[in-house]
Amino acid sequence: MIHEQYTIIRNLIWENKITTYQELYLAVPLHELSRDTHISESQLREWFTDIGSVSVEDVKQLSELLEIPEYRMMRIIVATQRLQNAQLN
């Protein structure tokens, strides 16, 4: 069963109110996200500035945690990557 906090986040993703990893990062404490996905806090922190290192397995874990399809999680990853690229230019 999904934790109530993640239900709220899932709904915000479906309503397009969370569209980037930075917004997800601000909605969930890193230690909780790390604990619940088994992705290290340092890796989660790195994605805040460089989302390019996200693996397929990471996407699957986040999708399962939030109970959203993988394509929705990938939309967040792609939007974040575009945002990060725009910030570099």
- Item | For R75, salt bridge (charged side-chain N to carboxylate O under 4.0 Å, His left out) partners two or more places apart | none
- Note on the structure: On a heavy-atom basis, the closest approach of S63 and P69 is OG-O, 3.9 Å
- Say whether, by atom type as modelled, one donor and one acceptor occur between the side chain of Q84 and the main chain of F48 under 3.5 angstrom. yes
- Item | From CH2 (W47) to CD (Q81), nearest 0.5 Å | 12.5 Å
- Item | salt bridge (Lys or Arg N to Asp or Glu O under 4.0 Å): pairs with one or both residues in residues 44-63, sequence neighbours excluded | E41-R45
- Distance in Å, L30 CG paired with I39 CD1, rounded so as to fall on 0.5 Å steps: 11.0 Å
- Query: W14 and Y71: which non-hydrogen atoms are nearest, and at how many Å?
  - Reply: CH2-OH, 3.7 Å
- Message: Just verifying a value: how many Å separate L62 CG and I68 CD1, rounded to the nearest 0.5 Å?
- Response: 8.0 Å
- Beyond-backbone contact of R10 with T7, side-chain heavy atoms, under 4.5 angstrom: yes
- Query: Is there a side-chain contact between D36 and Y6, using heavy atoms and a 4.5 Å cut-off?
  - Reply: yes
- May I ask you to test the L33-L65 pair for a side-chain heavy-atom distance under 4.5 Å? yes
- Item | Candidate list I76, V78, L83, I77, test side-chain contact (heavy atoms from CB on, under 4.5 Å), partner T80, passing option | I76
- Of all heavy-atom pairs between L44 and S34, which one has the smallest distance, and what is that distance? CD1-N, 3.6 Å
- Task: Any chance you could measure I13, atom CD1, to M73, atom CE, to the nearest 0.5 Å?
- Result: 6.5 Å
- Other residues, nucleotides, ligands: >12 heavy atoms within 6.0 Å of R82 CZ: no
- When every non-hydrogen atom of V28 is compared with those of Q5, the smallest separation belongs to CA-NE2, 3.7 Å
- Note on the structure: Here the pair of heavy atoms bringing R72 nearest to N16 is NH2-OD1, 3.1 Å
- Message: Return the OG1 to CG distance between T19 and L24, rounded to the nearest 0.5 Å.
- Response: 10.5 Å
- Are the side chains of T20 and Y25 in touch, meaning some heavy atoms are under 4.5 Å apart? no
